[in-house]
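A short write-up of the structure that comes next.
Values below: all heavy atoms of this structure, side chains included; hydrogens, waters and symmetry mates excluded. By convention in this document, chain letters (A, B, ...) are assigned in the order of the sequence lines, proteins followed by strands, and residues within each chain are numbered from 1.
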Amino acid sequence: MFPKRFVLKRLLLLVPVLIGVATLVFSILHLSPGDPALTIAGERASQEFVERIRADLGLNDPIWVQYIDFLGNVAQFDFGESYVINRNTSVREVLADTLPVTLELALYGQLFGILFGIPLGVLSAVKQDTITDHATRVGALTGISVPIFWSGPLLILLFAQVLGILPTSGRISSTYNVAAIRVTGMVTIDTLIAGDWEMFRSAVRHMLLPSLVIGVYSMALISRMMRSSMLEVVRQDYMRTARAKGQGAKITVLKHGFRNALIPVVTIIGIQFGGLLGGAVLTETVFAIGGIGTLLVEAIEVGDYPIVQGTVLTFAFLFTLVNLVVDVTYSYLDPRIQQ
Amino acid sequence: MSPVPSAVRDRGRLVAGGAAVGAVATPVLVIGLVAVGGFAPLSAAETAFAFGGLWFGLALLGWAGSVASGRAIEAAQEHLDADSGWTERRSRRAMARIGGFGAGMMLVAPIVGTAVG
(Lines give C-alpha, C1' and ligand atoms only; values in the text may rest on other atoms or scores of the structure.)
Protein backbone atom coordinates (compact mmCIF):
# COMPACT_ATOMS: atom_id res chain seq x y z
CA MET A 1 0.00 0.00 0.00
CA PHE A 2 1.26 3.49 -0.84
CA PRO A 3 2.05 5.38 2.40
CA LYS A 4 0.09 8.60 1.64
CA ARG A 5 0.18 10.11 5.14
CA PHE A 6 3.87 9.41 5.48
CA VAL A 7 4.70 10.99 2.12
CA LEU A 8 2.54 14.03 2.90
CA LYS A 9 4.40 14.56 6.18
CA ARG A 10 7.71 14.31 4.37
CA LEU A 11 6.55 16.71 1.65
CA LEU A 12 5.59 19.24 4.33
CA LEU A 13 9.13 19.06 5.66
CA LEU A 14 10.28 20.46 2.31
CA VAL A 15 8.86 23.85 3.37
CA PRO A 16 11.13 24.50 6.39
CA VAL A 17 14.11 23.10 4.49
CA LEU A 18 13.66 25.46 1.57
CA ILE A 19 12.91 28.46 3.82
CA GLY A 20 15.99 27.56 5.87
CA VAL A 21 18.27 27.31 2.85
CA ALA A 22 16.81 30.47 1.30
CA THR A 23 17.32 32.40 4.55
CA LEU A 24 20.83 31.06 4.99
CA VAL A 25 21.91 31.89 1.44
CA PHE A 26 20.29 35.34 1.60
CA SER A 27 22.03 36.13 4.90
CA ILE A 28 25.44 34.84 3.81
CA LEU A 29 25.31 36.83 0.58
CA HIS A 30 24.28 39.98 2.46
CA LEU A 31 27.06 39.56 5.01
CA SER A 32 29.73 38.83 2.41
CA PRO A 33 31.66 41.80 1.02
CA GLY A 34 30.98 43.19 -2.47
CA ASP A 35 28.32 45.29 -4.11
CA PRO A 36 26.14 43.47 -6.69
CA ALA A 37 25.33 46.76 -8.44
CA LEU A 38 29.03 47.52 -8.85
CA THR A 39 29.64 43.96 -10.08
CA ILE A 40 27.05 44.40 -12.83
CA ALA A 41 28.06 47.93 -13.76
CA GLY A 42 31.78 47.25 -13.74
CA GLU A 43 34.60 49.05 -11.96
CA ARG A 44 34.67 51.97 -14.39
CA ALA A 45 30.93 52.75 -14.35
CA SER A 46 29.70 56.15 -13.19
CA GLN A 47 28.18 56.55 -9.74
CA GLU A 48 24.76 57.46 -11.25
CA PHE A 49 24.72 54.28 -13.31
CA VAL A 50 25.58 52.14 -10.27
CA GLU A 51 22.83 53.91 -8.29
CA ARG A 52 20.32 53.26 -11.07
CA ILE A 53 21.13 49.53 -11.08
CA ARG A 54 20.89 49.48 -7.30
CA ALA A 55 17.43 51.03 -7.48
CA ASP A 56 16.35 48.63 -10.27
CA LEU A 57 17.40 45.61 -8.21
CA GLY A 58 15.69 46.94 -5.08
CA LEU A 59 19.00 47.09 -3.21
CA ASN A 60 18.08 50.48 -1.71
CA ASP A 61 15.22 48.90 0.26
CA PRO A 62 15.97 47.80 3.82
CA ILE A 63 17.22 44.23 4.05
CA TRP A 64 14.01 42.98 5.71
CA VAL A 65 11.97 44.24 2.72
CA GLN A 66 14.44 42.56 0.33
CA TYR A 67 14.15 39.35 2.36
CA ILE A 68 10.34 39.25 2.12
CA ASP A 69 10.52 39.97 -1.64
CA PHE A 70 13.16 37.28 -2.05
CA LEU A 71 11.09 34.66 -0.21
CA GLY A 72 8.05 35.58 -2.33
CA ASN A 73 10.06 35.09 -5.52
CA VAL A 74 11.62 31.85 -4.31
CA ALA A 75 8.14 30.48 -3.59
CA GLN A 76 7.48 30.89 -7.33
CA PHE A 77 10.91 29.47 -8.26
CA ASP A 78 11.84 32.88 -9.66
CA PHE A 79 15.47 33.66 -8.88
CA GLY A 80 15.68 36.68 -11.19
CA GLU A 81 18.22 37.18 -13.96
CA SER A 82 21.91 36.39 -14.04
CA TYR A 83 24.01 39.50 -13.31
CA VAL A 84 27.26 38.45 -14.94
CA ILE A 85 27.62 34.90 -16.30
CA ASN A 86 24.63 34.87 -18.68
CA ARG A 87 23.57 38.49 -18.52
CA ASN A 88 19.81 39.12 -19.01
CA THR A 89 19.07 35.39 -19.01
CA SER A 90 16.75 34.09 -16.30
CA VAL A 91 18.41 31.90 -13.70
CA ARG A 92 15.76 29.29 -14.39
CA GLU A 93 16.96 28.99 -17.99
CA VAL A 94 20.61 28.80 -16.94
CA LEU A 95 19.77 26.06 -14.44
CA ALA A 96 17.71 24.17 -17.01
CA ASP A 97 20.85 24.01 -19.19
CA THR A 98 23.30 22.92 -16.52
CA LEU A 99 21.27 20.86 -14.05
CA PRO A 100 20.83 17.78 -16.31
CA VAL A 101 24.62 17.60 -16.73
CA THR A 102 25.19 17.28 -12.99
CA LEU A 103 22.19 15.03 -12.49
CA GLU A 104 23.46 12.67 -15.17
CA LEU A 105 26.86 12.50 -13.53
CA ALA A 106 25.43 11.97 -10.04
CA LEU A 107 22.95 9.36 -11.27
CA TYR A 108 25.63 7.29 -13.01
CA GLY A 109 27.90 7.67 -9.99
CA GLN A 110 25.10 6.45 -7.74
CA LEU A 111 24.28 3.61 -10.11
CA PHE A 112 27.92 2.55 -10.09
CA GLY A 113 27.97 2.70 -6.29
CA ILE A 114 24.81 0.61 -5.92
CA LEU A 115 25.66 -1.95 -8.62
CA PHE A 116 29.07 -2.71 -7.16
CA GLY A 117 28.67 -1.70 -3.51
CA ILE A 118 25.73 -3.95 -2.62
CA PRO A 119 27.09 -7.23 -4.10
CA LEU A 120 30.53 -6.52 -2.62
CA GLY A 121 29.00 -5.89 0.81
CA VAL A 122 26.96 -9.11 0.67
CA LEU A 123 29.98 -11.08 -0.52
CA SER A 124 32.12 -9.62 2.21
CA ALA A 125 29.55 -10.52 4.90
CA VAL A 126 28.92 -14.02 3.61
CA LYS A 127 32.66 -14.71 3.35
CA GLN A 128 33.46 -13.04 6.67
CA ASP A 129 37.13 -13.09 7.73
CA THR A 130 38.33 -14.66 4.47
CA ILE A 131 40.72 -13.10 1.97
CA THR A 132 37.71 -11.86 -0.07
CA ASP A 133 36.35 -10.05 2.99
CA HIS A 134 39.71 -8.47 3.83
CA ALA A 135 40.28 -7.36 0.24
CA THR A 136 36.79 -5.82 0.02
CA ARG A 137 37.23 -3.98 3.31
CA VAL A 138 40.62 -2.59 2.33
CA GLY A 139 39.13 -1.57 -1.03
CA ALA A 140 36.22 0.17 0.74
CA LEU A 141 38.54 1.99 3.10
CA THR A 142 40.68 3.13 0.17
CA GLY A 143 37.58 4.28 -1.72
CA ILE A 144 36.42 6.38 1.24
CA SER A 145 39.87 7.85 1.84
CA VAL A 146 40.97 8.85 -1.67
CA PRO A 147 39.83 12.37 -2.66
CA ILE A 148 38.28 13.03 -6.08
CA PHE A 149 40.85 15.69 -7.03
CA TRP A 150 43.56 13.03 -6.69
CA SER A 151 41.84 9.94 -8.12
CA GLY A 152 40.44 11.92 -11.08
CA PRO A 153 43.76 13.05 -12.58
CA LEU A 154 45.31 9.61 -11.86
CA LEU A 155 42.54 7.80 -13.73
CA ILE A 156 42.85 10.28 -16.61
CA LEU A 157 46.57 9.57 -16.66
CA LEU A 158 46.03 5.81 -16.74
CA PHE A 159 43.03 5.38 -19.03
CA ALA A 160 43.46 8.39 -21.31
CA GLN A 161 47.19 9.07 -21.45
CA VAL A 162 48.87 5.68 -20.87
CA LEU A 163 46.26 3.22 -22.22
CA GLY A 164 44.52 5.69 -24.53
CA ILE A 165 41.17 3.92 -24.34
CA LEU A 166 39.00 6.64 -22.80
CA PRO A 167 38.69 10.39 -23.45
CA THR A 168 40.17 12.87 -20.97
CA SER A 169 37.37 15.42 -20.71
CA GLY A 170 33.99 16.67 -21.91
CA ARG A 171 30.62 14.95 -22.25
CA ILE A 172 30.79 13.83 -25.88
CA SER A 173 33.16 14.10 -28.85
CA SER A 174 33.27 17.68 -30.18
CA THR A 175 32.39 16.41 -33.68
CA TYR A 176 28.80 15.77 -32.59
CA ASN A 177 26.13 18.44 -32.14
CA VAL A 178 24.15 17.39 -29.08
CA ALA A 179 22.18 20.64 -28.99
CA ALA A 180 20.31 19.50 -32.10
CA ILE A 181 18.96 16.37 -30.40
CA ARG A 182 18.40 17.85 -26.92
CA VAL A 183 15.39 16.41 -25.10
CA THR A 184 16.38 15.84 -21.46
CA GLY A 185 19.78 17.54 -21.49
CA MET A 186 21.43 14.25 -20.45
CA VAL A 187 23.62 13.26 -23.41
CA THR A 188 23.49 9.50 -22.91
CA ILE A 189 19.69 9.55 -22.80
CA ASP A 190 19.29 12.09 -25.62
CA THR A 191 21.54 10.11 -27.94
CA LEU A 192 19.60 6.98 -27.06
CA ILE A 193 16.29 8.69 -27.83
CA ALA A 194 17.73 9.95 -31.12
CA GLY A 195 18.79 6.37 -31.90
CA ASP A 196 22.29 7.46 -32.90
CA TRP A 197 24.51 4.63 -31.65
CA GLU A 198 27.80 6.29 -32.59
CA MET A 199 26.90 9.34 -30.53
CA PHE A 200 25.62 7.16 -27.70
CA ARG A 201 28.88 5.21 -27.64
CA SER A 202 30.86 8.44 -27.49
CA ALA A 203 28.65 9.80 -24.66
CA VAL A 204 29.02 6.59 -22.62
CA ARG A 205 32.81 6.54 -23.13
CA HIS A 206 33.01 10.15 -21.92
CA MET A 207 30.81 9.40 -18.91
CA LEU A 208 32.74 6.30 -17.74
CA LEU A 209 35.69 7.93 -15.96
CA PRO A 210 33.75 10.73 -14.21
CA SER A 211 31.11 8.21 -13.02
CA LEU A 212 33.82 5.88 -11.79
CA VAL A 213 35.56 8.68 -9.88
CA ILE A 214 32.38 9.99 -8.31
CA GLY A 215 30.93 6.52 -7.70
CA VAL A 216 33.91 4.94 -5.95
CA TYR A 217 33.26 6.78 -2.68
CA SER A 218 29.61 5.86 -2.84
CA MET A 219 30.44 2.24 -3.60
CA ALA A 220 32.87 2.05 -0.69
CA LEU A 221 30.35 3.44 1.80
CA ILE A 222 27.49 1.27 0.53
CA SER A 223 29.56 -1.93 0.63
CA ARG A 224 30.74 -1.18 4.17
CA MET A 225 27.20 -0.51 5.34
CA MET A 226 25.82 -3.55 3.51
CA ARG A 227 28.45 -5.78 5.12
CA SER A 228 27.73 -4.69 8.68
CA SER A 229 23.97 -4.79 8.11
CA MET A 230 24.15 -8.24 6.53
CA LEU A 231 26.31 -9.57 9.35
CA GLU A 232 23.71 -8.46 11.84
CA VAL A 233 20.85 -9.99 9.86
CA VAL A 234 22.49 -13.41 9.37
CA ARG A 235 22.65 -13.77 13.16
CA GLN A 236 18.89 -13.32 13.55
CA ASP A 237 16.65 -16.17 14.72
CA TYR A 238 14.56 -16.24 11.55
CA MET A 239 17.71 -16.86 9.49
CA ARG A 240 18.62 -19.80 11.71
CA THR A 241 15.04 -21.09 11.42
CA ALA A 242 15.19 -20.85 7.62
CA ARG A 243 18.42 -22.82 7.58
CA ALA A 244 17.01 -25.37 10.05
CA LYS A 245 14.08 -25.91 7.70
CA GLY A 246 16.59 -27.09 5.14
CA GLN A 247 16.88 -24.02 2.93
CA GLY A 248 20.20 -23.60 1.14
CA ALA A 249 22.62 -20.93 2.37
CA LYS A 250 22.32 -18.88 -0.82
CA ILE A 251 18.51 -18.84 -0.79
CA THR A 252 18.43 -18.01 2.94
CA VAL A 253 20.68 -15.02 2.44
CA LEU A 254 18.98 -13.73 -0.69
CA LYS A 255 15.36 -14.45 0.25
CA HIS A 256 15.30 -13.68 3.97
CA GLY A 257 18.39 -11.67 4.70
CA PHE A 258 18.84 -9.35 1.77
CA ARG A 259 15.67 -7.26 2.09
CA ASN A 260 16.11 -6.74 5.82
CA ALA A 261 19.78 -5.90 5.46
CA LEU A 262 18.93 -3.38 2.75
CA ILE A 263 17.01 -1.02 5.10
CA PRO A 264 19.95 0.93 6.57
CA VAL A 265 21.74 0.80 3.20
CA VAL A 266 18.85 2.61 1.51
CA THR A 267 19.28 5.46 4.02
CA ILE A 268 22.97 5.70 3.24
CA ILE A 269 22.20 5.77 -0.48
CA GLY A 270 19.93 8.78 0.05
CA ILE A 271 22.36 10.68 2.23
CA GLN A 272 25.09 9.75 -0.22
CA PHE A 273 23.26 11.36 -3.14
CA GLY A 274 23.78 14.77 -1.54
CA GLY A 275 27.47 13.93 -1.28
CA LEU A 276 27.49 12.98 -4.95
CA LEU A 277 25.99 16.34 -5.92
CA GLY A 278 28.70 18.03 -3.87
CA GLY A 279 31.34 15.74 -5.36
CA ALA A 280 30.06 16.66 -8.80
CA VAL A 281 31.51 20.16 -8.28
CA LEU A 282 35.02 18.68 -8.10
CA THR A 283 34.47 16.01 -10.74
CA GLU A 284 33.05 18.52 -13.21
CA THR A 285 36.12 20.69 -12.69
CA VAL A 286 38.58 17.79 -13.13
CA PHE A 287 36.85 16.47 -16.28
CA ALA A 288 35.86 19.87 -17.72
CA ILE A 289 32.15 19.09 -17.68
CA GLY A 290 30.07 22.25 -17.48
CA GLY A 291 27.43 21.36 -14.92
CA ILE A 292 25.74 23.12 -12.05
CA GLY A 293 28.79 22.66 -9.80
CA THR A 294 31.10 24.53 -12.14
CA LEU A 295 28.39 27.16 -12.57
CA LEU A 296 28.17 27.64 -8.80
CA VAL A 297 31.93 28.06 -8.41
CA GLU A 298 32.03 30.54 -11.29
CA ALA A 299 29.04 32.47 -9.90
CA ILE A 300 30.68 32.77 -6.46
CA GLU A 301 33.92 33.98 -8.07
CA VAL A 302 32.27 36.75 -10.10
CA GLY A 303 29.59 37.64 -7.52
CA ASP A 304 26.56 36.56 -9.59
CA TYR A 305 24.22 36.38 -6.59
CA PRO A 306 21.00 35.24 -8.32
CA ILE A 307 22.86 32.26 -9.82
CA VAL A 308 24.38 31.40 -6.43
CA GLN A 309 20.96 31.58 -4.75
CA GLY A 310 19.24 29.60 -7.49
CA THR A 311 21.92 26.92 -7.60
CA VAL A 312 22.09 26.38 -3.85
CA LEU A 313 18.31 26.25 -3.55
CA THR A 314 18.09 23.78 -6.42
CA PHE A 315 20.70 21.60 -4.71
CA ALA A 316 18.68 21.74 -1.48
CA PHE A 317 15.44 20.94 -3.28
CA LEU A 318 16.98 17.98 -5.07
CA PHE A 319 18.59 16.65 -1.93
CA THR A 320 15.32 16.83 0.00
CA LEU A 321 13.44 15.22 -2.85
CA VAL A 322 15.91 12.33 -3.00
CA ASN A 323 15.53 11.89 0.73
CA LEU A 324 11.78 11.72 0.26
CA VAL A 325 12.19 8.93 -2.29
CA VAL A 326 14.53 7.16 0.13
CA ASP A 327 12.00 7.50 2.94
CA VAL A 328 9.24 6.02 0.79
CA THR A 329 11.50 3.13 -0.22
CA TYR A 330 12.46 2.71 3.41
CA SER A 331 8.84 2.54 4.51
CA TYR A 332 8.14 0.02 1.77
CA LEU A 333 11.01 -2.20 2.93
CA ASP A 334 10.01 -1.86 6.59
CA PRO A 335 6.32 -0.91 7.03
CA ARG A 336 6.91 -0.32 10.77
CA ILE A 337 8.63 2.98 9.81
CA GLN A 338 5.23 4.43 8.81
CA GLN A 339 4.05 4.06 12.38
CA MET B 1 -6.59 22.58 32.97
CA SER B 2 -4.75 24.46 30.22
CA PRO B 3 -6.29 24.07 26.73
CA VAL B 4 -2.76 23.97 25.25
CA PRO B 5 -1.18 20.49 25.28
CA SER B 6 1.94 20.27 27.42
CA ALA B 7 4.11 19.19 24.46
CA VAL B 8 3.15 22.32 22.51
CA ARG B 9 3.69 24.47 25.62
CA ASP B 10 7.12 22.91 26.10
CA ARG B 11 8.11 23.57 22.49
CA GLY B 12 6.69 27.08 22.63
CA ARG B 13 8.73 27.76 25.74
CA LEU B 14 11.88 26.55 24.00
CA VAL B 15 11.37 28.82 20.98
CA ALA B 16 10.19 31.78 23.07
CA GLY B 17 13.20 31.48 25.38
CA GLY B 18 15.55 31.59 22.41
CA ALA B 19 13.61 34.46 20.83
CA ALA B 20 13.82 36.50 24.06
CA VAL B 21 17.60 36.09 24.12
CA GLY B 22 17.75 37.05 20.42
CA ALA B 23 15.57 40.10 21.04
CA VAL B 24 17.88 41.30 23.80
CA ALA B 25 21.02 40.50 21.81
CA THR B 26 19.96 42.57 18.79
CA PRO B 27 20.19 46.10 20.30
CA VAL B 28 23.41 45.07 22.03
CA LEU B 29 24.86 43.92 18.69
CA VAL B 30 23.66 47.06 16.90
CA ILE B 31 25.21 49.33 19.55
CA GLY B 32 28.42 47.29 19.42
CA LEU B 33 28.61 47.49 15.61
CA VAL B 34 28.04 51.27 15.67
CA ALA B 35 30.43 51.94 18.56
CA VAL B 36 33.23 49.51 17.76
CA GLY B 37 32.78 48.63 14.09
CA GLY B 38 32.02 52.15 12.90
CA PHE B 39 28.79 51.05 11.16
CA ALA B 40 25.98 53.47 10.33
CA PRO B 41 22.99 52.73 12.64
CA LEU B 42 20.71 51.42 9.86
CA SER B 43 23.52 49.33 8.37
CA ALA B 44 24.20 47.87 11.82
CA ALA B 45 20.52 46.92 12.21
CA GLU B 46 20.60 45.31 8.74
CA THR B 47 23.73 43.35 9.66
CA ALA B 48 22.01 42.20 12.86
CA PHE B 49 19.04 41.04 10.75
CA ALA B 50 21.32 39.06 8.42
CA PHE B 51 23.15 37.63 11.42
CA GLY B 52 19.83 36.51 12.90
CA GLY B 53 18.95 35.05 9.50
CA LEU B 54 22.07 32.87 9.65
CA TRP B 55 20.99 31.34 12.96
CA PHE B 56 17.37 31.03 11.91
CA GLY B 57 18.19 29.38 8.57
CA LEU B 58 20.71 27.04 10.10
CA ALA B 59 18.28 26.02 12.84
CA LEU B 60 15.42 25.44 10.40
CA LEU B 61 17.65 23.18 8.33
CA GLY B 62 18.93 21.38 11.40
CA TRP B 63 15.43 20.92 12.79
CA ALA B 64 14.01 19.61 9.49
CA GLY B 65 17.04 17.37 9.03
CA SER B 66 16.63 15.96 12.52
CA VAL B 67 12.93 15.27 11.99
CA ALA B 68 13.46 13.74 8.54
CA SER B 69 16.58 11.68 9.09
CA GLY B 70 17.21 11.69 12.83
CA ARG B 71 16.07 8.15 13.45
CA ALA B 72 17.94 6.92 10.41
CA ILE B 73 21.12 8.61 11.59
CA GLU B 74 20.71 7.05 15.03
CA ALA B 75 20.30 3.64 13.37
CA ALA B 76 23.28 4.22 11.10
CA GLN B 77 25.45 5.17 14.08
CA GLU B 78 24.38 2.00 15.82
CA HIS B 79 25.10 -0.13 12.74
CA LEU B 80 28.51 1.40 12.18
CA ASP B 81 29.29 1.06 15.86
CA ALA B 82 30.01 4.80 15.99
CA ASP B 83 27.51 5.99 18.61
CA SER B 84 28.34 9.59 19.53
CA GLY B 85 25.44 10.13 21.91
CA TRP B 86 23.62 12.29 19.35
CA THR B 87 19.85 11.81 19.43
CA GLU B 88 17.05 13.11 17.26
CA ARG B 89 15.11 14.54 20.22
CA ARG B 90 17.99 16.52 21.67
CA SER B 91 18.95 17.81 18.23
CA ARG B 92 15.38 18.99 17.59
CA ARG B 93 15.25 20.82 20.93
CA ALA B 94 18.60 22.48 20.38
CA MET B 95 17.57 23.60 16.91
CA ALA B 96 14.28 25.00 18.22
CA ARG B 97 16.19 27.11 20.72
CA ILE B 98 18.71 28.35 18.13
CA GLY B 99 15.90 29.03 15.63
CA GLY B 100 14.06 31.04 18.26
CA PHE B 101 17.21 33.07 18.87
CA GLY B 102 17.58 33.85 15.15
CA ALA B 103 13.88 34.64 14.75
CA GLY B 104 14.07 36.98 17.76
CA MET B 105 16.92 38.86 16.12
CA MET B 106 15.13 39.01 12.78
CA LEU B 107 11.99 40.39 14.39
CA VAL B 108 13.67 43.01 16.56
CA ALA B 109 16.24 44.22 13.98
CA PRO B 110 13.61 45.99 11.79
CA ILE B 111 12.20 47.72 14.89
CA VAL B 112 15.67 48.89 15.91
CA GLY B 113 16.41 49.84 12.29
CA THR B 114 13.22 51.90 12.01
CA ALA B 115 13.93 53.57 15.35
CA VAL B 116 17.52 54.54 14.49
CA GLY B 117 17.14 54.96 10.73
Side-chain angles (χ1 to χ4, degrees), chain A residues 9-32 59 61-68 70-71 221 224-233 261 263-272 274 312 316 319-320 323-324 326-327 330 334 336-337, chain B residues 15 26 29-30 33 37 39-82 92 95-96 98-99 102-103 105-117:
Chain A
K9 258 172 78 176
R10 283 291 187 259
L11 273 176
L12 281 176
L13 268 180
L14 261 175
V15 180
V17 168
L18 290 181
I19 294 176
V21 174
T23 308
L24 209 56
V25 173
F26 178 85
S27 301
I28 289 171
L29 288 182
H30 185 82
L31 288 171
S32 58
L59 296 173
D61 293 332
I63 184 178
W64 32 91
V65 176
Q66 291 179 43
Y67 175 68
I68 299 292
F70 171 67
L71 280 191
L221 207 64
R224 197 175 161 222
M225 193 71 191
M226 191 71 206
R227 179 186 180 273
S228 71
S229 179
M230 200 66 179
L231 279 176
E232 195 170 300
V233 166
I263 295 170
V265 178
V266 168
T267 315
I268 287 294
I269 291 170
I271 296 172
Q272 197 42 44
V312 173
F319 188 52
T320 323
N323 269 294
L324 175 72
V326 168
D327 283 341
Y330 201 97
D334 186 355
R336 286 172 304 176
I337 304 291
Chain B
V15 177
T26 308
L29 180 64
V30 171
L33 285 172
F39 279 65
L42 182 62
S43 171
E46 290 194 326
T47 304
F49 181 88
F51 194 66
L54 276 185
W55 292 110
F56 179 66
L58 197 75
L60 262 185
L61 275 181
W63 180 85
S66 305
V67 172
S69 322
R71 300 261 167 85
I73 293 170
E74 278 180 27
Q77 281 190 348
E78 206 178 297
H79 271 285
L80 293 172
D81 205 15
R92 256 193 302 113
M95 291 304 159
I98 296 170
M105 286 189 88
M106 289 176 86
L107 286 173
V108 172
I111 299 169
V112 175
T114 312
V116 297

Practice item. Without swapping roles, check the side chain of A:Ser229 against the backbone of A:Met225 for a donor-acceptor pair under 3.5 Å. Key: no

Point to revise | Residue B:Trp63 versus chain A: region with a heavy atom under 4.5 Å | key: side chain

Exercise for review: Would you please classify the geometry between the A:Phe26 ring and the A:His30 ring as parallel, tilted or perpendicular, with 30° and 60° separating the classes?
Suggested key: parallel

Review point. Side chains of A:Thr23 and A:Tyr67: is there a donor and an acceptor less than 3.5 Å apart?
Key: yes

**Study point:** Over 12 foreign heavy atoms within 6.0 Å of CZ, A:Arg227
**Key:** yes

**Study point:** Which portion of B:Ala45 sits near chain A, non-hydrogen atoms under 4.5 angstrom
**Key:** both

Check your understanding: Using a cut-off of under 4.5 Å for heavy-atom pairs, which of A:Leu231, A:Ile268, A:Ile63 has the most such pairs with chain B?
Key -> A:Ile63

Review point. Is it the side chain or the backbone of A:Pro264 that comes within 4.5 Å of chain B heavy atoms, both, or neither?
Key: side chain

Practice item. Considering only heavy atoms and a distance below 4.5 Å, find which of A:Pro62, A:Ser228, A:Ala22, A:Gly20 pairs most often with chain B. Key: A:Gly20

Review point. If every non-hydrogen atom of B:Thr114 is compared with every non-hydrogen atom of B:Pro110, which pair is closest and at what distance?
Key: OG1-O, 2.6 Å

Point to revise | Winner by heavy-atom pair count (cut-off under 4.5 Å) against chain B, out of A:Leu31, A:Leu324, A:Ile19 | key: A:Leu31

